[in-house]
2 protein chains.
Amino acid sequence: MREFKKKARILLVDDNSEHLRGIKELITLETNYDIVGATTSANIGINLVKKYRPEIVIMDVNLPEKDGLQAIQEIEKLGLDTKILVLSGYDDPDLIFRAMKIGAKGYVLKTMSSAQLVYAIDEILAGKFYLPSALSSRFFDYFQQSFREENETSAEENLLTYLTSREEEVLELLTQGNNYKGIAGKLFISETTVKTHVNNIFQKLQVNDRTQAVLYALNNGFGKRVRAKISA
Amino acid sequence: MREFKKKARILLVDDNSEHLRGIKELITLETNYDIVGATTSANIGINLVKKYRPEIVIMDVNLPEKDGLQAIQEIEKLGLDTKILVLSGYDDPDLIFRAMKIGAKGYVLKTMSSAQLVYAIDEILAGKFYLPSALSSRFFDYFQQSFREENETSAEENLLTYLTSREEEVLELLTQGNNYKGIAGKLFISETTVKTHVNNIFQKLQVNDRTQAVLYALNNGFGKRVRAKISA
DNA sequence: TATGATTTAAATCTTTAGATTGATAAAATC
DNA sequence: GATTTTATCAATCTAAAGATTTAAATCATA
């Protein structure tokens with residue numbers, strides 16, 4: 001399939017040195033792959049990425065010194081277009097979600113078949129993403145769960161709809177941390193007018209102060225922005 | 001494969017009546033499916049869901065009166081465990097993302113093969129999610145893009161790390177809209193102590209007032225919550 | 001044990017925020 | 001054309017927020 005293409009340069013990072021050897025042998029059988037490095041250290045791995053600029057990094061997320069997710073972030077920050085395939089012993093949805101969130105191109109379990117690993121590598125090298133069906137389901141379950149509360153509340157009555165367009169402008173400036181003077185200056189109106197608007201906003205949103213108003217705005221999709229219940 | 005199982009009840013919603021007939025015929029060929037309804041109206045579709053409680057709804061997202069996404073949300077709100085497969089003429093990442101966000105179990109293009117449609121239906125009936133490889137890539141590109149800004153900023157210096165644990169508690173209560181008195185009461189300390197903490201928080205976060213402090217906290221992953229740049 | 005960081009607290013002062021009342025003019029709606 | 005809504009502004013007042021200084025007790029740790 002890829003026989004005549006340039007060999008893909010691969011870097012392996014896995015804290016288990018036996019497993020590291022296993023993958024290494026397996027990949028060496030594939031004539032299209034060229035292993036440029038294999039290490040049990042996340043930090044060394046990052047340096048090897050800088051040095052050899054592999055097309056793809058196969059990264060274990062259970063590393064001793066530095067956790068794999070952090071290593072992924074640091075590799076992503078290099079801006080080298082290095083594709084990262086996560087190799088993990090856990091099918092924890094949160095772990096899958098976070099890995100994909102920070103830029104991984106795929107996530108496979110250590111229990112997978114060697115054929116599946118090769119398939120995953122090829123898909124990712126072709127510019128696609130790869131998640132096995134079971135992990136994909138876990139990902140989407142978690143993904144949808146994290147938005148469920150939002151979907152429910154967005155259907156309820158949103159007090160923001162009662163605001164006039166001018167009040168929305170004022171609230172927008174409140175959500176940017178402005179005080180009365182700042183808002184008055186930006187809207188070219190007097191401070192007392194701003195106070196009037198702000199007081200009307202409080203009434204309509206049924207809150208007591210600006211902080212609560214800002215929180216209500218952010219939690220209710222103000223300005224087409226929403227808060228996702230997603231752990232960092 | 002599913003020959004001996006109970007027939008899956010399917011509802012079709014598509015504004016194009018010709019396309020509706022086409023899918024209907026195609027699905028009727030499958031002995032395992034039972035079409036309980038087919039309509040060009042989103043509102044009628046929702047009522048048919050209530051009436052027949054199909055296992056799966058194949059939903060076009062380009063509907064005239066009510067848009068498909070809204071219809072999906074209303075069906076989800078019924079809490080009937082109805083699985084929804086989106087059928088769309090567009091591979092727009094935002095559309096795919098929003099459909100999956102609000103609970104769709106799959107998304108396929110109208111240009112797909114009939115075999116792929118049947119495969120998608122079977123996967124979803126089996127409790128899985130289904131996105132064709134190309135759409136999956138679009139989804140994840142969009143998904144990662146929406147978190148890119150956050151990933152970048154989270155790597156920068158986060159002033160929140162300078163807060164003491166007590167200051168974090170105070171800030172947490174600030175992000176819930178409490179005033180001095182409320183915080184003092186909840187932490188069983190005096191109001192003046194709270195003022196001291198809050199002032200120290202302002203210094204450390206380099207802000208001037210509580211609203212700005214709250215905004216900084218929310219925008220910098222305070223309390224394992226992050227703000228996703230995702231359009232509603 | 002000496003040192004620095006944390007948590008607690010009070011006193012004082014200035015500034016800002018918020019509530020309330022009243023008023024005018026333009027714009028939209030009926 | 002009358003009425004309601006919206007946007008504007010002022011004045012006044014109270015309450016809350018924020019800045020600053022000082023200080024004592026606790027706690028971790030070098």
Side-chain angles (χ1 to χ4, degrees), chain A residues 65 157-224 227, chain B residues 156-225:
Chain A
E65 19 165 355
E157 184 179 50
N158 190 339
L159 298 177
L160 291 172
T161 59
Y162 297 129
L163 298 183
T164 67
S165 58
R166 196 56 159 174
E167 285 162 358
E168 283 180 355
E169 289 182 75
V170 172
L171 181 54
E172 168 75 31
L173 291 168
L174 278 180
T175 63
Q176 290 167 16
N178 291 284
N179 59 14
Y180 287 133
K181 191 178 291 186
I183 296 172
K186 272 154 197 159
L187 295 181
F188 305 107
I189 55 179
S190 83
E191 224 173 304
T192 57
T193 303
V194 178
K195 287 193 178 192
T196 307
H197 287 312
V198 169
N199 267 286
N200 290 334
I201 290 170
F202 292 168
Q203 300 302 314
K204 291 184 179 177
L205 301 188
Q206 297 166 26
V207 298
N208 304 309
D209 55 54
R210 64 182 53 206
T211 307
Q212 291 176 3
V214 166
L215 289 169
Y216 185 92
L218 298 181
N219 287 322
N220 290 85
F222 186 72
K224 293 198 171 184
R227 269 171 67 71
Chain B
E156 302 176 356
E157 184 178 50
N158 190 339
L159 298 176
L160 292 172
T161 59
Y162 297 129
L163 299 183
T164 68
S165 58
R166 196 55 159 174
E167 285 162 358
E168 283 180 354
E169 289 183 73
V170 172
L171 181 53
E172 167 76 31
L173 291 168
L174 278 180
T175 64
Q176 289 166 17
N178 291 284
N179 58 15
Y180 287 135
K181 190 178 290 187
I183 296 172
K186 272 154 195 159
L187 295 181
F188 304 106
I189 55 179
S190 84
E191 223 173 302
T192 57
T193 304
V194 178
K195 287 193 178 192
T196 307
H197 287 312
V198 169
N199 267 285
N200 289 333
I201 290 170
F202 291 168
Q203 298 302 314
K204 291 184 179 178
L205 302 188
Q206 298 166 25
V207 297
N208 305 310
D209 55 55
R210 65 181 53 207
T211 307
Q212 291 175 2
V214 166
L215 288 169
Y216 186 93
L218 298 182
N219 287 321
N220 290 86
F222 186 74
K224 295 199 171 183
R225 284 193 163 209

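We use all heavy atoms of the structure for the numbers below, so side chains are in, but hydrogens, waters and symmetry mates are not. Reminder, nothing fancy here: chain letters follow the sequence lines and each chain counts from 1.
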Distance (rounded to the nearest 0.5 Å) between A:Thr175 OG1 and A:Leu215 CG =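 These two atoms lie 11.0 Å from each other.
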
Once you round it to whole Å, what is the distance between [atom2] of [N] and [atom1] of [X]?
X: B:Asn178; N: D:dA17; atom1: CG; atom2: P; value: 10 Å
X: B:Lys195; N: C:dT7; atom1: NZ; atom2: C1'; value: 18 Å
X: A:Gln206; N: C:dA19; atom1: CD; atom2: P; value: 14 Å
X: B:Ile183; N: D:dA17; atom1: CD1; atom2: C1'; value: 11 Å
X: B:Arg210; N: C:dT16; atom1: CZ; atom2: P; value: 15 Å
X: B:Ile201; N: C:dT8; atom1: CD1; atom2: C1'; value: 15 Å
X: A:Gln212; N: D:dA17; atom1: CD; atom2: C1'; value: 14 Å
X: B:Asn208; N: D:dA16; atom1: CG; atom2: P; value: 22 Å

For a quick test of reading the model: is some side-chain N or O of [X] closer than 4.0 Å to OP1 or OP2 of [N]?
X: A:Tyr180; N: C:dT15; answer: no
X: B:His197; N: C:dT7; answer: no
X: B:Thr192; N: C:dA10; answer: yes

Given [options], identify the nucleotide with an atom nearest to the side chain of [X].
X: B:Asn199; options: D:dT6, C:dG18, D:dA19; value: D:dA19
X: B:Asn179; options: D:dA17, C:dT8, C:dA19; value: D:dA17
X: B:Ser190; options: C:dA10, C:dA17, D:dA7; value: C:dA10
X: A:Thr193; options: D:dG18, D:dT8, C:dG18; value: D:dT8
X: B:Ser165; options: C:dT7, D:dG18, C:dG18; value: C:dT7
X: A:Ile189; options: C:dT8, C:dG18, D:dT8; value: D:dT8

task = Keeping the roles fixed (side chain from A:Asn220, backbone from A:Leu159), state whether a donor-acceptor pair exists under 3.5 Å.
result =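 No; judged by distance alone, with no hydrogens or angles, the pair does not exist.
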
Donor-acceptor under 3.5 Å (B:Glu191 side chain, B:Ala184 main chain) =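 Looks like no, no N/O pair under 3.5 Å.
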
query = When you match B:Thr196 and B:Glu191 each to their closest nucleotide on DNA chain D, which lands nearer the 5' end?
reply =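 Nearest nucleotide further toward 5': that of B:Glu191.
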
message = Classify A:Phe202 by what it touches in the nucleic acid, base, sugar-phosphate, or nothing, heavy-atom distance under 4.0 Å.
response =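 Sugar-phosphate, no base atom in range.
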
request  = Answer with base, sugar-phosphate or nothing: what part of the nucleic acid does B:Lys181 contact at a heavy-atom distance below 4.0 Å?
outcome  =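 No contact.
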
query = Given that B:Asp209 and B:Asn200 both sit by DNA chain C, which one's nearest nucleotide is further toward the 5' end?
reply =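 In this pair, the answer is B:Asn200.
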
query = Below 4.5 Å, heavy atoms only, C-beta onward: do A:Asn158 and A:Tyr216 meet side chain to side chain?
reply =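 They are in side-chain contact.
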
query = Which is it for A:Arg166 and A:Leu187 under the side-chain contact (heavy atoms from CB on, under 4.5 Å) test, yes or no, and what are the steps along the way?
reply = CA-CA 10 Å; A:Arg166 196 56 159 174; A:Leu187 295 181; 3.9 Å; yes

Candidates B:Asn200, B:Val170, B:Ile201 - the one meeting side chain to side chain contact (heavy atoms under 4.5 Å, CB included) with B:Leu163 =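 So, applying the side chain to side chain contact (heavy atoms under 4.5 Å, CB included) to B:Leu163 and each of B:Asn200, B:Val170, B:Ile201, only B:Ile201 qualifies.
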
